[in-house]
Chemist: 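Just dropping this structure here.
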Amino acid sequence: QPQPQAHDEL
Amino acid sequence: MNIFRLIGDLSHLASIFILLHKIQTTRSCRGISFKTQALYVTVFATRYLDLIFGEFVSVYNVIMKLFFLGSSCYILYLMKMKYKPTNDPSIDTFRLEYLLGPCTVLALIFNFSFTPVEILWSFSIFLEAVAILPQLFMLQRTGEAEAITTHYLAALGAYRALYIPNWIYRYYTEGSWDPIAVLAGLVQTGLYLDFFYIYVTKVLQGQKFELPA
């Protein structure tokens, strides 16, 4: 399952 | 990474340096809400658990997260220890339970999966959206602010505002969007609109930041 999008933001 | 997110992050970074500069040069934390600063520590501590439990994203991501955690804790130290006499809790009266309660409920309802890490991640997003309210409430009560404090707030507000074109860009390039982050981010930016209006029409014209009577 891919990581939800905003999880790579600060 | 795109230009909007990068400038947004740099603006966030700048806001913290402006705040530290204000406290260090005036040797005072007058006009700064301790409650808002404590909420930011809570936001970073609950979101950046992904440094331990999440996937590795990038060196940039890790360094920025460590910086935000470290600097926000340092600001609390300055306010509660080093410059404690200049911190006036009697004007910092926003009730934190009005923010913490609803954010907890929202995080329990809206999250990517019902796990502690994801619930805390959602909680941090919702809390960040409203963490500025004690500070704005304090500004409202005192009716004025030092120019440097307004520069801090403007940089902090610009950070989340710049995330909005970033999300639009990501929607078109990646084909998806993150409803929790986007909706909370819109609210967060919206809370600054009044402030931005006075900042642009007064402070940037060289006038004092004063709220209309």
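We use all heavy atoms of the structure for the numbers below, so side chains are in, but hydrogens, waters and symmetry mates are not. Naming: A, B, ... by sequence-line order, numbering from 1 per chain.
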Chemist: Do B/Leu106 and B/Ser122 have side chains that get closer than 4.5 Å, going by heavy atoms?
Modeler: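 SC-SC contact between B/Leu106 and B/Ser122 ruled out.
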Chemist: Side-chain contact test, heavy atoms from C-beta onward, threshold under 4.5 Å: evaluate it for B/Leu108 versus B/Ile119 and give yes or no.
Modeler: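 Sidechains of B/Ile119 and B/Leu108: in contact.
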Chemist: Would you say that B/Phe123 contacts B/Val43 through its side chain, given a criterion of any heavy-atom pair below 4.5 Å between the two side chains?
Modeler: no
Chemist: Look at the side chain of B/Thr150 and the backbone N and O of B/Ala147, then say whether any donor-acceptor pair between them is shorter than 3.5 Å.
Modeler: yes
Chemist: What pairs meet the salt bridge (charged side-chain N to carboxylate O under 4.0 Å, His left out) rule with one or both residues in residues 37-48 of chain B, with sequence neighbours excluded?
Modeler: B/Arg47-B/Glu128
Chemist: Would you call the rings of B/Trp121 and A/His7 parallel, tilted or perpendicular, where under 30° means parallel and over 60° means perpendicular?
Modeler: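 If you compare the ring of B/Trp121 with that of A/His7, the planes turn out parallel.
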Chemist: For the pair B/Ser72 (side chain) and B/Phe68 (backbone), establish whether a donor and an acceptor sit closer than 3.5 Å, ignoring hydrogens and angles.
Modeler: yes
Chemist: Against chain A, label B/Tyr60 side chain, backbone, both or neither, depending on which of its atoms sit under 4.5 Å from a heavy atom there.
Modeler: side chain
Chemist: Does anything in residues 2-36 of chain B get under 4.5 Å of chain A by heavy atoms, and if so which residues?
Modeler: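 Against chain A, the residues of residues 2-36 of chain B that fall inside the cut-off (heavy atoms, under 4.5 Å) are B/Arg5, B/Asp9.
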Chemist: Enumerate by number any residue of residues 178-191 of chain B whose heavy atoms lie under 4.5 Å from heavy atoms of chain A; in the absence of such residues, state 'none'.
Modeler: B/Asp178, B/Ala181
Chemist: Check whether any side-chain heavy atom of B/Lys65 sits under 4.5 Å from a side-chain heavy atom of B/Phe44, and report yes or no.
Modeler: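 Result no, sub-4.5 Å side-chain heavy-atom pair not found.
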Chemist: For residues B/Leu127 and B/Thr42, determine if any side-chain heavy atom of one lies less than 4.5 Å from a side-chain heavy atom of the other.
Modeler: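 Yes, their side chains come closer than 4.5 Å.
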Chemist: Would you kindly say whether B/His151 and B/Glu146 are connected by a side-chain donor-acceptor distance under 3.5 Å?
Modeler: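 B/Glu146 and B/His151 do not have a side-chain donor-acceptor pair below 3.5 Å.
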Chemist: Write out, in numerical order, the residues from residues 155-173 of chain B with a heavy atom short of 4.5 Å from a heavy atom in chain A.
Modeler: B/Tyr159, B/Arg160, B/Tyr163, B/Asn166, B/Trp167, B/Arg170
Chemist: So what's closer than 4.5 Å to chain A heavy atoms on B/Asn61: side chain, backbone, both or neither?
Modeler: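 Both backbone and side chain.
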Chemist: According to the interplanar angle, ranging from 0 to 90°, do the rings of B/Phe195 and B/Tyr199 count as parallel (below 30°), tilted (30 to 60°) or perpendicular (above 60°)?
Modeler: parallel
Chemist: Using a 4.5 Å cut-off on heavy atoms from C-beta on, say whether the side chain of B/Leu99 contacts that of B/Pro134.
Modeler: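 Yes. Closest side-chain heavy atoms under 4.5 Å.
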Chemist: Going by the angle between their ring planes, with limits at 30° and 60°, are B/Tyr98 and B/Phe94 parallel, tilted or perpendicular?
Modeler: perpendicular
Chemist: Tell me whether B/Tyr197 at atom OH has more than 12 heavy atoms from other residues, nucleotides or ligands lying less than 6.0 Å away.
Modeler: no
